[in-house]
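In what follows, a structure is listed as structure tokens, so that the remarks can point back to it.
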Amino acid sequence: MWLGVYEHVATMRIGSTPSREVTDLVLLRAQRGEAAACRILVRRHQRRVVGQLRAMLAPVGRGGIVEDLAQETFLRAFRALPRFRGDGRASLGTWLVTIATRVALNELRRRPPRTECLDTVTESVGGAEAAIVERHASAQAIERAVADLSPAYRGAFLLRELHGLDYGEIAEVLQIDVGTVKSRLSRARAKLRHALAEVHHG
Amino acid sequence: MDDPLGAADPSDGALTSEERAALAAWAEHDASDGFADAVLQAWSVEQSDDDQAPLEPEEQAGRRTSGRMSMRSVIGLGAAVAAAAAVMLMVRVAPPGTGQAVAGTPGCEHAESSLRSSDLLPSPTPSESASLEERGSALGDDAVAVLARHCSPCHDGEDVDARARALDVFDVQQRSWWPGMSSAQLTETRQRIERLGSAREDERRSVAAFVDAQLSLRAHAG
């Protein structure tokens with residue numbers, strides 16, 4: 001009963017900005033293994049995790065494995081959650097994104113991406129994903145630019161530009177030095193900028 | 001080698017707010033309805049299964065934890081059930097004294113339904129024992145590379161996601177990772193790698209050669 005009310009109240013707050021106290025309470029309860037709290041954490045962070053995985057596995061998320069890997073991300077997080085020592089919602093979100101990145105890199109190592117042109121991919125995906133690709137030319141350009149990056153470059157680029165990790169954090173996640181992070185970011189940004197410029201200037 | 005372009009001052013190449021907004025819009029994607037419930041269901045299944053799954057190649061773990069079973073998983077499960085039934089039938093019909101049934105091995109749920117491969121292999125002569133031991137150790141290095149690739153993170157003691165019960169069976173970080181494994185567990189390891197869709201043929205052969213060598217050595221040692 002208590003948990004039901006608690007979950008309802010906490011879930012109601014997800015759309016806005018939950019207070020630090022609620023966030024910490026949810027985390028503490030999830031660390032104790034309470035299902036309701038775990039569910040709240042998934043709902044709160046699933047968009048971020050799925051977005052990162054989809055971007056890492058571009059083009060267009062490589063045929064529907066994104067949610068399977070998102071699930072694997074959360075399961076890994078739950079296994080390690082009792083040992084997690086964060087300081088609030090932001091750091092938990094960052095932690096989940098770093099796990100998602102490692103899951104994606106493992107997947108790319110096991111099944112290297114095939115070289116496909118985007119048009120072929122667009123034809124082979126379902127309506128919802130194809131619609132995303134076709135909606136804007138700039139989205140296509142970004143998709144193509146990100147897909148052209150090697151997984152290691154993608155990881156650094158997305159962690160920085162989508163999730164705001166600093167260079168040290170990215171270096172730790174990818175187990176590379178900070179200088180390498182910077183050079184990868186520089187090249188990835190240049191590629192994205194070039195792709196967008198082609199769209200905007202014909 | 002990484003391109004050092006911009007390494008000295010990365011702010012030179014920072015994305016503009018418009019570029020960043022376009023990137024964020026492209027990456028915006030949410031899970032389908034019911035995703036959270038599927039995760040929780042998979043988590044619940046994993047917790048209830050934890051006591052029964054000491055060996056867990058990563059691909060298998062990923063499929064088992066998925067809330068929605070793929071057709072490949074269903075076929076694999078069916079094949080596994082059929083194989084287990086066949087093994088149980090063989091054990092039941094084996095004549096007394098052939099020693100093909102394995103006594104229960106603590107920590108491995110597959111022990112009772114596995115054949116002891118060493119019982120089916122000819123014992124080496126004493127003069128072959130030393131070379132088998134050396135060969136087994138060398139093969140172990142090859143095999144552990146395969147296991148590290150396919151059975152991490154559960155069996156990788158240096159990985160934050162390693163699982164205690166999996167590490168109890170073997171840890172790919174250990175130089176000698178196999179002496180604590182029962183023959184049934186070694187056999188099960190080989191079978192799991194054989195069934196693993198992502199394993200290459202040379203990887204399957206590598207693990208099979210190591211397991212066969214170990215079982216031969218154990219059979220000889222009695």
Side-chain angles (χ1 to χ4, degrees), chain A residues 33 35 38-43 46-47 49-55 58 61 66-72 74-76 78-80 83 99 102 106-107 109-111 129 132 136 138-139 141-143 146 153 157-158 161-162 167 176 179-187 189-190 192-193 196, chain B residues 1-16 18-32 34-47 50 58-59 61-68 70 149-150 152-154 159-164 197-198:
Chain A
C38 289
R39 182 178 282 105
I40 290 168
L41 289 187
V42 173
R43 286 180 180 160
Q46 67 185 38
R47 182 182 292 263
V49 166
V50 167
Q52 174 69 356
L53 285 165
R54 184 182 177 280
V66 169
E67 286 203 8
D68 284 348
L69 295 181
Q71 192 172 83
E72 178 64 18
F74 280 108
L75 293 178
R76 283 189 183 205
F78 288 162
R79 287 174 208 141
R83 302 192 294 278
I99 295 174
R102 282 196 288 260
N106 283 345
E107 174 67 17
R109 254 194 302 273
R110 282 206 302 257
R111 298 177 189 80
E129 287 187 337
I132 290 171
H136 301 294
S138 61
I142 292 170
E143 182 99 12
V146 173
Y153 279 72
F157 177 67
L158 295 169
E161 302 298 352
L162 274 183
Y167 300 128
I176 53 179
T180 305
V181 171
K182 290 177 179 175
S183 67
R184 287 180 181 179
L185 283 174
S186 177
R187 179 176 280 189
R189 285 165 173 161
L192 182 83
R193 182 166 294 121
L196 288 174
Chain B
M1 185 171 170
D2 286 300
D3 183 357
L5 180 68
D9 186 4
S11 63
D12 283 349
L15 297 184
T16 64
E18 289 81 9
E19 289 167 338
R20 191 165 286 133
L23 179 68
W26 166 75
E28 179 74 15
H29 205 76
D30 202 355
S32 59
F35 173 76
D37 291 335
V39 172
L40 267 293
Q41 187 184 352
W43 178 233
S44 170
V45 168
E46 176 170 318
Q47 288 187 305
D50 230 15
E58 191 172 14
E59 181 178 282
R63 297 198 186 289
R64 182 177 61 73
T65 53
S66 171
R68 301 173 300 279
S70 66
R149 193 170 304 126
H150 294 286
S152 294
C154 299
D159 196 302
V160 68
D161 299 322
R163 300 170 70 178
S198 60

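The chains referred to below are lettered A, B, ... by the order of the sequence lines, with proteins before strands, and numbering in each begins at 1. The figures here come from the full heavy-atom set of this structure, side chains too, leaving out hydrogens, waters and symmetry mates.
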Value rounded to 0.5 Å, distance of CD in A:Q52 from NE2 in B:H29: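 Answer rounded to 0.5 Å: 13.5 Å.
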CZ on A:R54 to CH2 on B:W26, rounded to 0.5 Å: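 With rounding to 0.5 Å, CH2 (B:W26) is 6.0 Å from CZ (A:R54).
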Please report the closest heavy-atom contact between [X] and [Y], naming both atoms and the distance.
| X | Y | answer |
| --- | --- | --- |
| A:L162 | B:A24 | CD2-CA, 3.8 Å |
| B:A14 | A:R193 | O-NH2, 2.9 Å |
| B:S32 | A:E67 | N-OE2, 2.6 Å |
| A:R43 | B:A36 | CG-CB, 3.8 Å |

Student check: side-chain heavy atoms of [X] and [Y] closer than 4.5 Å:
| X | Y | result |
| --- | --- | --- |
| A:F74 | B:L40 | no |
| A:Q71 | B:W43 | no |
| B:F35 | A:V49 | no |

Chain B contact via A:V181 - which portion, at a heavy-atom distance below 4.5 Å: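 Nothing of A:V181, per the 4.5 Å heavy-atom cut-off to chain B.
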Heavy-atom contact with chain B under 4.5 Å, split by part of A:L192: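 It is the side chain, since no backbone atom gets that close.
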Residues which pass salt bridge (Lys or Arg N to Asp or Glu O under 4.0 Å) with A:E161, listed by chain and number, not counting sequence neighbours: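 Here the qualifying residues are A:R189, B:R20.
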Listed partners of A:R47 passing salt bridge (Lys or Arg N to Asp or Glu O under 4.0 Å), at least two apart: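 Once residues adjacent in sequence are excluded, the partners of A:R47 under the salt bridge (Lys or Arg N to Asp or Glu O under 4.0 Å) criterion are B:E28, B:D30.
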